[in-house]
Amino acid sequence: MEKTFYPVEVSYTLKNGKPVVQIFGRDETGKQVTLLDDRYTPHFKVLAKDNDIAEKQLMNLHVERERTVGVVSVEKANMTYKGKTVEVLKAFVERPADVPLLRDAAKSIGTVLEADILFSRRYFLDHDIRPLTKHKVECEEVQEKYRTPTYAVKSITHESDSLDTVRILAFDIETYSSTGKLPVAHRDPIIMVALIGDGFRRVITWKDCEHDDLVVVKDEKELIEAVRDAIVEYGPDVLTGYNSDGYDLPFIKERAEKLGAAFDIGTDYTGLRKNRTTDVLITGIANIDLLTYVRKSVRFSLETPVFTLDSVAKELLGDGKIEVDFQEVFRAWENGDKEQLSKFADYNLQDTDLTYRLAELFLPNIMGMAKLIGLPLSHVYSLSYSQLVEWYLLREAFQSNRIAPSRPGENESISRVRERFEGAFVFEPKPGIYKDIIVFDFLSLYPTIISAHNISPETVNVKECKENSEAVPELSEEYWVCKEPRGFISEMIENIIRTRLKVKEEIKKDPDNKMLQARQLALKLVANATYGYLGFVGARWYSVEAARIITAFGRHHIHDVIEKSKEAGFEVLYSDTDSIFLGLGSKKREEAEKFVDVINESLPGLMELEFDGYYSSGIFVAAKGGGGAKKRYALLTEKGELKIKGFETVRRNASKIARSTQKEVLRILLKEHDAEKATAYVKKIVTELKNHTLPAEELVIQTQLQRDPSQYEAIGPHVAAAKRMQEQGKEVYPGMIVQYIVTAGKGRIRDRVKLPDEVANHVYDSEYYINNQVLPAVESLFDTMHVSIVEEVEDKKQSTLGSFL
DNA sequence: TCCATCCGGGG
DNA sequence: GTGTACGGATGGA
């Protein structure tokens with residue numbers, strides 16, 4: 001029979017000593033089904049000098065275990081390795097686990113390759129199976145022990161249509177502790193568990209209590225089994241929690257074993273399995289620990305330095321955890337206090353709801369990446385950017401008959417760490433204020449360089465192609481890149497860029513399509529991470545030469561634009577990596593637009609310089625050590641908006657008054673070009689500070705607490721403030737924003753820190769705010785106008801003093 | 001100061 | 001399960 005099938009998860013099992021791949025997913029009606037495929041045999045590859053001898057040696061290999069482990073058969077195949085066609089031996093074995101047993105012994109025969117690629121992952125990649133996309137399956141129904149209908153596969157082919165939702169179930173457990181410390185599974189019980197899915201909401205406990213959605217069972221053993229029943233009843237594709245691999249699931253596993261409770265939630269009735277790391281495996285359900293995903297991927301776009309559920313949810317959902325005193329909860333549990341326990345159920349449900357909402361937020365992107373790379377959700381969500389690139393490359397390699405290079409050994413990694421190289425070019429700006437600025441930047445600079453200059457590990461510095469190669473500029477030693485043939489990675493990047501352009505066209509027609517957005521984002525991520533991947537010490541396709549050449553071409557192209565800008569009569573104000581800031585001077589905007597067209601005609605491949613924006617003025621300031629400061633400037637748009645980059649006081653650990661003064665000075669300087677007016681403005685603020693006429697709210701300093709106050713050795717003002725909060729019985733936790741005001745008096749600043757609600761207006765330390773907040777925020781701005789704002793203000797101080805005398 | 005180990009999150 | 005994070009902070013020599 002023929003079936004339509006959307007794969008979600010994969011694993012394998014042994015039947016009569018032979019591996020059977022299990023693919024879990026849904027059919028066209030949305031019903032969960034399982035496919036079994038026993039046609040795939042594990043193998044590894046060997047490159048040897050003499051294949052006839054090596055073949056005999058491989059067949060004679062054996063390792064004694066409970067059974068004799070050996071190579072079952074050997075095949076020869078022509079494949080591409082490091083850009084060359086080679087004849088390789090494929091050594092087939094009985095079981096996936098035989099590979100690591102035999103690979104060490106096979107090292108004496110030749111170079112062992114592809115002996116470290118997981119069997120089920122390899123199955124997906126080799127068969128072009130892509131999770132969550134439509135497949136046509138020729139199969140026949142079989143009777144096996146699974147929770148779903150089961151079919152034996154005869155053939156499976158990938159089609160284009162794809163699934164855009166998965167069934168998510170979030171859960172969170174609550175545990176009891178008599179010691180006041182974090183509960184531990186060998187001693188403490190699970191007392192409550194909440195589960196939330198699409199139209200599904202349940203909280204389970206084993207002491208009498210009243211609450212909506214609440215189920216009360218007899219004891220902890222029944223609780224664990226009721227959780228199992230809830231999961232089976234809901235039938236999730238994705239089971240998700242927050243730190244569930246590090247806490248909830250191992251806790252459940254240990255308690256279930258101790259109490260003899262069944263937690264056989266797997267599609268094949270197996271329970272939780274744990275591997276050597278922290279991962280917990282569930283057969284047929286994608287187990288996704290959101291904390292892992294936050295740490296690996298989301299962190300780069302988060303403000304918060306700590307990844308607690310509360311701080312991540314507050315930032316991304318605008319909603320946090322309910323505050324709870326665990327000692328009170330545990331007392332309520334001991335006493336059977338129904339009212340308190342019902343509040344605790346609210347807490348449990350809120351945590352689970354936040355987890356569910358975060359999962360809804362993250363899943364489209366995880367799904368987009370799973371479809372692109374072709375690995376199941378439970379595998380992709382935990383991959384770092386370099387691993388995402390690597391798995392994309394592995395899929396491409398398998399499909400183009402290439403042998404994947406091995407990961408570096410320990411010694412190789414160590415020697416790679418020492419191979420550093422020069423990065424991007426940053427133009428040192430001349431401090432000053434400029435009018436009529438045009439900014440251009442290169443679109444996806446490194447990806448387009450890789451594609452345009454054919455950069456790939458097997459195309460750089462290869463002797464055979466020297467005659468037909470491109471020389472690399474900007475480097476002291478000689479480097480060259482083959483023009484032919486097309487490199488593995490450069491070709492792949494070009495395909496990604498082109499595909500992404502097409503997807504972006506589709507998005508224009510269908511802007512609200514989340515799946516298209518996710519696909520576009522996945523393509524962008526892989527393209528942008530490839531340069532970093534080539535220089536990553538753990539990479540299979542590592543090439544420090546390629547990475548060095550990419551940044552060299554980057555510097556070359558931006559230098560070229562700088563030179564041509566000068567020749568065309570523009571003033572070059574600034575440049576960083578892929579962008580250039582030009583002063584128009586007497587030129588017209590149209591001339592700048594034409595100039596970009598001329599540049600683009602000379603750029604190779606898909607490289608493109610793009611008009612980024614026009615600014616009516618901008619300021620570059622001096623660095624502390626002299627010269628112009630890099631990555632620190634402000635621009636004024638035509639609409640009058642300020643675009644500020646790199647000034648420390650833009651961050652939130654400055655008082656409102658420092659920030660607003662800086663902004664106003666920037667505004668006066670950029671809009672009105674009037675240094676005197678700006679000076680007068682600062683003097684006015686200084687006077688107000690001295691006269692204590694500013695409201696205290698303007699003086700509040702906000703700093704994020706990185707850890708618990710007791711954990712600090714150096715007690716900074718914000719730590720002192722946090723300790724004060726604790727003394728007043730307020731909750732203090734890492735990641736929170738602490739607010740304080742520095743008040744007048746003698747001694748250390750930290751001893752003069754007060755909380756905003758303790759300070760009446762006018763008691764603040766005006767000297768501190770003038771010298772440590774306001775003046776440092778504007779000093780470098782005035783320096784560009786050759787005005788010493790500190791001296792100006794001191795004159796004012798004296799004259800104020802003078803007027804008193 | 002350098003190197004190695006520890007930690008994150010979770011109740 | 002054919003694999004094994006990572007980057008910063010801490011602490012000891």
Side-chain angles (χ1 to χ4, degrees), chain A residues 11-14 19 40-45 69 91-104 106 112-123 172-185 187-193 241-252 273-279 281 283 289-297 299-300 305-312 321 324-330 333 344 347-348 351 355 375 379 382-387 390-391 394 404 406-407 536-538 540 706-707 711-713 733-735:
Chain A
S11 58
Y12 77 92
T13 178
L14 292 177
Y40 195 52
T41 314
H43 82 271
F44 60 95
K45 298 189 172 89
V69 175
F92 291 89
V93 299
E94 203 173 342
R95 303 179 186 187
D98 294 348
V99 174
L101 297 176
L102 291 166
R103 69 179 166 209
D104 287 334
V112 177
L113 291 157
E114 295 185 5
D116 56 359
I117 297 165
L118 289 188
F119 185 65
S120 53
R121 287 184 180 180
R122 166 154 221 143
Y123 175 85
D172 177 45
I173 71 167
E174 304 301 336
T175 51
Y176 171 85
S177 166
S178 54
T179 59
K181 288 185 190 152
L182 194 72
V184 281
R187 179 187 63 213
D188 302 312
I190 302 168
I191 58 178
M192 199 180 273
V193 178
Y242 204 84
N243 196 22
S244 49
D245 279 359
Y247 191 77
D248 303 58
L249 290 174
F251 210 110
I252 293 177
R273 284 164 295 129
K274 211 168 160 4
N275 59 11
R276 270 195 277 155
T277 55
T278 53
D279 298 3
L281 305 166
T283 307
D289 181 348
L290 296 186
L291 171 63
T292 307
Y293 184 66
V294 166
R295 281 211 197 122
K296 296 249 161 127
S297 295
R299 62 187 297 178
F300 303 104
V306 288
F307 308 126
T308 58
L309 176 59
D310 187 59
S311 44
V312 172
K321 288 172 69 118
V324 75
D325 180 333
F326 280 100
Q327 296 321 311
E328 267 177 41
V329 168
F330 296 152
W333 181 256
F344 195 47
Y347 168 89
N348 193 186
D351 273 13
T355 307
L375 292 181
H379 296 210
S382 65
L383 298 181
S384 62
Y385 286 132
S386 58
Q387 286 172 305
E390 185 148 291
W391 280 101
L394 280 164
S406 296
R407 320 176 71 122
F536 165 56
V537 294
R540 288 173 192 271
Q706 303 284 337
R707 42 189 139 145
Q711 301 293 305
Y712 282 91
E713 280 194 32
Y733 54 91

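So you know, we letter chains A, B, ... as the sequences are listed, proteins then strands, and number each from 1.
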Closest to side chain of A:L182, choosing from C:dA5, B:dG10, C:dT2: B:dG10

A:R187 side chain to A:S178 side chain, donor-acceptor N/O pair below 3.5 angstrom: no

Phosphate OP1/OP2 of C:dG1: any A:R122 side-chain N/O under 4.0 Å: no

Atom pair distance, as rounded to whole Å: CD in A:Q387 and C1' in C:dT4: 8 Å

Nucleotide nearest A:K321 when distance is taken to its side chain, options C:dG3, B:dG11, B:dG10: B:dG11

Touch class at under 4.0 angstrom, heavy-atom based, for A:L101 against every strand present: nothing

Shortest side-chain distance from A:N243, nucleotide among C:dG3, B:dG9, C:dC6: B:dG9

Nearest-Å distance for atom pair CD/P, residues A:E390 and C:dG3: 14 Å

Pairwise C1' distance for C:dG7 and B:dG11, with rounding to whole Å: 27 Å

Selected nucleotide, minimal atom distance to A:F119 side chain, candidates C:dC6, B:dG9, C:dT2: C:dT2

Same-atom distance (C1') from B:dT5 to C:dA5, integer angstrom: 16 Å

A:S384, nearest nucleotide to its side chain (from C:dC6, C:dT2, B:dG11): C:dC6

Distance, rounded to the nearest Å, where A:D289 contributes CG and C:dA5 contributes P: 17 Å

Candidate nucleotides C:dA5, C:dT2, B:dG9, ranked by approach to the side chain of A:Y12 - the nearest: C:dT2

d(CD1, A:I252; P, B:dG11) in whole Å: 12 Å

Selection from B:dG10, C:dC6, C:dG3 that lies nearest to any side-chain heavy atom of A:Y242: B:dG10

5' priority, DNA chain C, between A:R295 and A:H379 [closest heavy atom]: A:H379

Interatomic distance, A:D98 CG vs C:dG3 P [rounded to whole Å]: 12 Å

Closest approach of A:T292 to A:S382 (non-hydrogen atoms, all atoms of both residues): CG2-CB, 3.8 Å

Gap between atoms CG and P, on A:L14 and C:dT2 respectively (whole Å): 10 Å

4.5 Å side-chain heavy-atom contact, A:R273 and A:T283: yes

Validation row, ring centre A:Y347 to ring centre A:F326 under 6.0 Å: yes

Sugar-phosphate only, base, or nothing, as touched by A:R121 at under 4.0 Å among non-hydrogen atoms: base

Sugar-phosphate, base or nothing in reach of A:P42, heavy atoms under 4.0 Å: base

Check against side chain to side chain contact (heavy atoms under 4.5 Å, CB included), A:V93 and A:V69: CA-CA 8 Å; A:V93 299; A:V69 175; over 6 Å; no

Proximity of A:Y12 and A:Y40 rings by center, below 6.0 Å: no

Heavy-atom side-chain proximity of A:R121 to A:W391 below 4.5 angstrom: yes

Nearest-nucleotide pick for A:Y347, side chain only, options being C:dG1, B:dG11, C:dA5: B:dG11

Options B:dG11, C:dT2, C:dC6, nucleotide nearest the side-chain atoms of A:S386: C:dC6

Nearest-angstrom distance, P atom, C:dC6 to B:dG10: 22 Å

Touch class at under 4.0 angstrom, heavy-atom based, for A:D351 against every strand present: sugar-phosphate

Spacing of A:D310 atom CG relative to B:dG11 atom C1', expressed in whole Å: 15 Å

Whole-Å distance separating the CZ atom of A:R95 from the C1' atom of C:dT2: 14 Å

Of the listed nucleotides B:dG10, B:dG11, C:dG3, the one nearest the side chain of A:L309: B:dG10

